[in-house]
Amino acid sequence: MTSQTLREARKYEEASEKMISGEERPAFHLTPRTGWMNDPNGFSWYGGKYHLFYQYNPYDSQWGPMHWGHAVSRDMLHWEYVPAALAPDGAWDRDGCFSGSAVTLPDGRHLLMYTGVVRERQANGGYGEVQTQCLAVGDGTDYVKYEKNPVLDEKDIPDGGSRYDFRDPRMWQEADGSYRCIVGNRAADGSGQILLFTSPDGFEWHYVKVLAANRNRFGKMWECPDFFPLDGKWVLITSPQDMLPSGFEYHNGNGTLCLIGDYDRETQEFTENTDQSIDYGIDFYAAQTVLTPDGRRVMIGWMQNWDTCSYRRKHDEAWFGQMSLPRELSVKDSRLYQKPVRELEQMRANRVSHTDVTVSGTVVLEGIRGRRIDMELTVRPAEDHDMYRKFSVYFAQNETYHTSLGFCPAESVLEVDRKFSGSRRAVIHQRRSRVNHRDGELKLRVILDRFSAEIFVNDGEQVLSAVLYTEQEAEGISFAADGAVRMDVTKYELV
Ligand code: FRU
């Protein structure tokens with residue numbers, strides 16, 4: 001039975017969606033049906049389709065009472081909206097259905113696990129949000145909340161762990177048919193820990209151990225964990241709050257973290273080997289993965305950062321928040337690599353290519369422009385032993401606006417800069433990342449989709465993502481070099 005709250009949300013979103021034209025949205029990045037979107041939730045393959053749910057406030061383009069919005073797709077690029085799946089209408093989630101995940105049960109039903117939030121009056125008159133883990137079971141369209149919710153609450157948290165920071169369950173099924181889930185929690189030291197739970201059937205859950213502890217190394221609370229085997233290693237991804245910067249690897253505020261290591265399934269012990277950021281741009285958070293039917297591990301993130309949400313088109317826009325491109329993951333030498341899903345290649349049209357172009361000063365090339373494009377370029381010094389000082393690409397460009405990528409080989413630093421993208425807010429608009437180059441040779445793949453840029457460096461060694469609200473008329477692209485580079489560039493429109 002759907003509740004009144006959910007029925008109202010479904011009616012509201014259906015009517016509101018009609019007021020947003022296709023051109024007002026990205027072409028192949030998911031945006032909320034209406035209103036506000038944050039984290040991807042329940043990313044799964046179910047009933048012959050990909051399902052992607054999301055943190056959703058249909059009624060406003062600001063964060064608010066969290067529902068789960070819902071969309072389905074066959075290629076993870078073209079999404080079809082289906083009715084909202086969850087509304088904050090239960091005794092254990094009346095103040096929000098926060099992030100979570102999905103698995104398929106042996107009887108074919110779709111099981112969702114999410115964080116239920118209830119605001120509790122504090123002694124000082126303020127409120128604390130008590131967080132528990134809850135279930136809902138459905139058929140891919142309608143979901144019924146489990147009568148025994150919550151299935152994990154403060155009794156299941158180890159000593160010292162906070163009942164106010166206990167969220168974002170990520171479930172999976174083991175080969176023997178039993179289930180595991182990990183949940184983010186704040187430990188007694190004030191920083192994050194990832195708790196591991198087990199269940200014989202997906203409904204009855206038991207605490208196992210702390211799978212990984214932050215110990216105040218990477219920010220504070222760890223949100224939205226995911227954990228999976230890949231290329232002989234195990235990968236733990238999470239989104240830390242309150243990061244301190246560290247070199248070019250981590251920046252202040254809400255960040256992303258990937259720990260790669262080994263996991264002993266017998267002792268359920270995770271041993272970390274390496275750490276890195278997941279995305280080196282401005283807007284990426286709360287990533288979640290799916291295992292595709294053909295065995296690929298694909299990750300999608302919220303292409304936004306809590307610290308930069310004040311960069312918007314206007315205050316009362318019809319939608320706010322979008323997902324990143326889905327990215328195929330791999331691990332090489334204990335580093336995470338990311339590539340746009342190969343399905344994107346099917347959208348390529350109208351190829352334009354220029355090879356061995358010398359760039360010195362500013363260059364504009366025939367046919368290279370657009371705001372919905374896939375552009376690959378390789379640069380190297382025009383003359384051996386004559387290293388250029390800087391190479392730049394400008395895009396979303398007209399007389400007033402541009403966003404740029406600047407690469408200095410001497411420092412080996414790539415910078416994305418959207419200062420001139422039309423923003424009227426004093427938030428972070430630039431980010432620098434250390435990248436690899438071989439004697440000045442660098443490879444970039446730039447994907448633009450109306451309101452964003454995602455830059456894949458050196459075949460997926462690093463990614464930099466940024467949202468962009470520049471008016472769509474600004475679609476120029478130009479290249480510049482201080483010194484001289486030789487460049488190959490191929491561009492496709494994405495249709
Ligand atoms: C991360 C997050 C999650 C939480 C959700 C609430 O962006 O803070 O930890 O479940 O957003 O909307």
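Please read all numbers here as calculations on a predicted model, not as lab measurements. Keep in mind that the numbers below use all heavy atoms, side chains included, and drop hydrogens, waters and symmetry copies. In each ligand, atom 1 is the first atom listed, and ligand 1 is the first ligand listed.
At a 3.5 angstrom cut-off on N or O pairs, Trp306 counts as close to ligand 1. Looking at ligand 1, you won't find any N or O of Tyr285 less than 3.5 Å from one of its N or O atoms.
For the side chain to side chain contact (heavy atoms under 4.5 Å, CB included) with Tyr285, the lone residue among Ser465, Pro40, Ser239 that qualifies is Ser239.
When only modelled atom types and interatomic distance are considered, Tyr143 and His110 share a side-chain donor-acceptor pair under 3.5 Å. No side-chain donor-acceptor contact under 3.5 Å links Asp89 and Thr5.
For ligand 1 and Asp39, the ligand atoms under 4.0 Å from any heavy atom of the residue are 1 (C), 2 (C), 3 (C), 4 (C), 5 (C), 7 (O), 11 (O). Here is the list of ligand 1 atoms found below 4.0 Å of a heavy atom in Met66: 12 (O). Residue-ligand proximity, Gln55 to ligand 1, at heavy-atom distances under 4.0 Å covers atoms 5 (C), 6 (C), 12 (O). With ligand atoms numbered from 1 in the order given, ligand 1 contributes 5 (C), 6 (C), 7 (O), 11 (O), 12 (O) to contacts under 4.0 Å with heavy atoms of Asn38.
The proximity of Thr115 to ligand 1, defined as any non-hydrogen pair under 4.0 Å, does not occur for either the backbone or the side chain.
In the displayed structure, Gln173 atom CD is contacted under 6.0 Å by more than 12 heavy atoms of other residues, nucleotides or ligands. Surrounding CZ of Arg335 are more than 12 heavy atoms belonging to other residues, nucleotides or ligands, all under 6.0 Å away.
Under a 4.0 angstrom heavy-atom cut-off, Asp168 registers as being in contact with ligand 1. Ligand 1 does not have Trp302 within reach: every non-hydrogen atom of the residue lies 4.0 Å or more from it.
Between Glu269 and Lys209 there is a salt bridge, with a side-chain nitrogen of the basic residue lying less than 4.0 Å from a carboxylate oxygen of the acidic one. Arg297 and Asp231 are not joined by a salt bridge, as no carboxylate oxygen comes within less than 4.0 angstrom of a charged side-chain nitrogen.
Of the protein's non-hydrogen atoms, the one nearest atom 8 (O) of ligand 1 is Glu223 OE2, 2.8 Å.
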